Amino acid sequence: MATITSKLPNVGTTIFTVMSQLAQQENALNLSQGFPNFEVSPRLMDLVNKAMRKGYNQYAPMAGIADLREIIIEKTNRLYGSNYHPAHDITITAGATQAIFTIIAAFVHPGDEVMILKPAYDSYEPAIELYGGTTVPIQLSAPNFSVDWDEVRQKISSKTRMLIINTPHNPSGTVLSKEDMQTLATILEGTDIILLSDEVYEHIIFDGVSHQSAARFSSLRERTFITASFGKTFHTTGWKMGYCIAPEALMNEFRKVHQFNVFCSNHPIQQALAIYLKTPEHYESLPDFYQQKRDYFLSLIKDSRFTCTPAAGTYFQLLDYSAITTENDVDFAKRLTREHKIASIPVSVFNLDQQDDKVLRFCFAKTDETLERAAAILNKI
């Protein structure tokens, strides 16, 4: 057998797989992995089924079908005051993670530096490493997870190729403000740095706050890829459907890689989404829908020993357990799963040097019954 030299020698099984497998082994309630446990819209499923029966079962156009690209760009320009064009500024992708990977593949060269804000979604760093880049982390800390923009400014160098942001932020549930985005624009002004803005939770944001998309800021738009997810918006994470938006010069480079990666995305689902998106209330109702779930979950555990700052966005809630135990978060998360039959995600695995803030991430994209069962467990700990 040939000797294998791994390009990702430090990558093992993800924490999501570890905790979900443990939850299954222990027959525990799984609030670890970020997926809803309620049904998809019957109308959306019917539209997919109709598209299949109408014969949309072969390859879609490489960039995505025109109707879907047009309605997404119309929505984006309307919400954020941008001026994107559906012909050359958007590509439909096989989920947001594929879009993120393709962006990194298209632009990161050996020796380039990519700055990320940690805790960070765990797909960023392996992709950077695969293409010879170096990750430059900026560590955020509980409970506020605010960005130290002075540190960002100081760590930019002649090698900085890209900066990745995520708002609303997984796993902390925080959101970047207008002031944050304006500061970022000032920092990047006069550089050739590409901004990758991971905005998959753009419609899941609470308390009347407006999502500060990079698309809102003209000085950021010219250098930015925005990635988005239909899975997060329409409770269809298993469909792996998303898109990315960027100015034509950037998108041309993206498509060079995209066409040899997946080439195109699921055709019947694209046809269905192009029709479904014509009814904006499907995504306009999401803030209220998920805020009710967040508030209900927090009301149920208000007398527990866990403490928290209510999530400002996403469908994740961090709970601080420092009043319960001094165990590190990985050990405590596993013990909760084994002894109390509830699974969560320890946040330290996403941090620089596994910084342990004594917080666990719980997904509240669940039925009320599931949230009630979870609360009954948490209140006894």
Side-chain angles (χ1 to χ4, degrees), residues 11 13-17 20-21 30 32-52 56-65 67-69 71-72 75 90-106 120-124 126-127 130 164 166 168 170-171 196-204 225-246 251 254-255 257-277 282-283 286 314-316 345 363 365:
V11 171
T13 305
T14 72
I15 191 65
F16 304 108
T17 301
S20 285
Q21 285 180 345
N30 190 357
S32 62
Q33 212 162 350
F35 57 85
N37 74 335
F38 39 81
E39 284 303 316
V40 177
S41 159
R43 179 167 179 259
L44 180 54
M45 288 192 287
D46 186 52
L47 287 170
V48 175
N49 187 260
K50 284 180 178 177
M52 290 177 174
Y56 293 109
N57 299 305
Q58 308 310 323
Y59 298 122
M62 185 264 285
I65 66 170
D67 286 353
L68 182 55
R69 286 184 284 125
I71 199 161
I72 293 169
K75 171 182 85 90
I90 179 172
T91 300
I92 309 302
T93 61
T97 301
Q98 184 248 314
I100 291 164
F101 186 92
T102 302
I103 294 162
I104 292 168
Y121 180 46
D122 64 352
S123 79
Y124 302 159
L130 269 173
I164 303 177
N166 172 212
N170 173 23
L196 196 169
S197 187
D198 180 353
E199 302 184 16
V200 297
Y201 299 100
E202 65 173 320
H203 297 301
I204 307 177
F225 277 98
I226 293 170
T227 59
S229 168
F230 294 116
K232 302 296 190 293
T233 302
F234 295 134
H235 325 311
T236 57
T237 59
W239 290 6
K240 294 301 295 179
M241 290 291 292
Y243 59 90
C244 70
I245 296 175
M251 190 57 70
F254 176 93
R255 289 179 179 177
V257 177
H258 174 78
Q259 68 179 330
F260 297 116
N261 183 356
V262 295
F263 181 75
C264 67
S265 303
N266 188 295
H267 195 174
I269 293 178
Q270 288 193 53
Q271 295 288 342
L273 288 168
I275 297 170
Y276 195 67
L277 280 167
H282 294 316
Y283 53 85
L286 277 185
T314 77
Y315 44 54
F316 302 113
I345 292 290
C363 176

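All figures in this text were calculated on a predicted structure; none of them were measured in a lab.
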Tell me every residue that passes side chain to side chain donor-acceptor pair (under 3.5 Å) with Tyr201, counting only those two or more places apart in sequence or in another chain. none

Any heavy-atom pair between the side chains of Ile103 and Thr227 that's under 4.5 Å? yes

List in chain and number order the residues that pass side chain to side chain donor-acceptor pair (under 3.5 Å) with Arg255, two or more places apart in sequence or in another chain; answer none if no residue qualifies. Thr91

Can you give me the closest heavy-atom contact between Val257 and Ala105, atom names plus distance? CG1-CB, 4.1 Å

Please give me the minimum heavy-atom distance between Met251 and Ala246, naming the atom from each residue. CE-N, 3.5 Å

How close do Ala94 and Ser265 get, heavy atom to heavy atom, and via which atoms? N-OG, 3.1 Å

Qualifying side-chain hydrogen bond (donor to acceptor under 3.5 Å, both in side chains) pairs with a residue from residues 234-245, counting only residues at least two apart or across chains: Glu202-Tyr243, His235-Tyr290

Is Arg69 reaching over with its side chain to a backbone N or O of Gly64, donor-acceptor style, under 3.5 angstrom? yes

Taking salt bridge (Lys or Arg N to Asp or Glu O under 4.0 Å) as the test, write out the residues that go with Asp122, two or more places apart. none

Would you confirm whether Ser229, through its side chain, and Ala96, through its main-chain N or O, come within 3.5 Å as a donor-acceptor pair? no

Validation row: Ile164, Ile104 side chains within 4.5 angstrom (heavy atoms): yes

Spacing of Thr233 atom OG1 and Ile204 atom CD1 [to the nearest 0.5 Å]: 6.0 Å

Please tell me if the side chains of Thr14 and Gln33 come closer than 4.5 Å, counting only heavy atoms from C-beta onward. no

Is there side-chain contact between Pro171 and Phe316, with heavy atoms separated by less than 4.5 Å? no

Those residues at least two apart in sequence (or on a different chain) that pass side chain to side chain contact (heavy atoms under 4.5 Å, CB included) with Gln259 are Met62, Phe263

Could I get the full list of side chain to side chain contact (heavy atoms under 4.5 Å, CB included) partners for Pro126, not counting sequence neighbours? Leu8, Val11

With a 4.5 Å heavy-atom cut-off, do Ile245 and Ile72 have their side chains touching? yes

Nearest heavy-atom pair of Tyr315 and Gly34: which atoms, and what distance? OH-O, 3.0 Å

Closest non-hydrogen atoms of Asn166 and Asn170, given as atom of the first, atom of the second and distance, are OD1-N, 3.0 Å

What pairs with Ser32 under side chain to side chain contact (heavy atoms under 4.5 Å, CB included), at least two apart in sequence or on another chain? Met19, Ser20, Asn30, Ala343, Ile345

Note, Ile71 side chain near Lys75 side chain (heavy atom, < 4.5 Å): no

Set of residues satisfying side chain to side chain donor-acceptor pair (under 3.5 Å) with respect to Glu199, sequence neighbours excluded: Ser197, His211, Ser213

With a 4.5 Å heavy-atom cut-off, do His258 and Val262 have their side chains touching? yes

Would you please name every residue forming a side chain to side chain donor-acceptor pair (under 3.5 Å) with Thr102, sequence neighbours left out? Gln98, Asn261

In sequence, state the C-alpha distance, the side-chain angles, and the governing distance for Ile100 and Phe225, and then conclude on side-chain contact (heavy atoms from CB on, under 4.5 Å). CA-CA 9 Å; Ile100 291 164; Phe225 277 98; over 6 Å; no

State, yes or no, whether a side-chain contact exists between Leu68 and Leu277 at a heavy-atom distance under 4.5 Å. yes

Gln271 side-chain N/O to Ala51 backbone N/O, donor-acceptor pair under 3.5 Å: no

Applying ring-ring contact (aromatic ring centres under 6.0 Å, His included) to Tyr276 and not counting sequence neighbours gives Phe234, His282

Output all residues satisfying side chain to side chain contact (heavy atoms under 4.5 Å, CB included) with Asp46, sequence neighbours left out; order by chain, then residue number. Lys50

Does atom OH of Tyr56 have more than 12 heavy-atom neighbours from other groups under 6.0 Å away? no

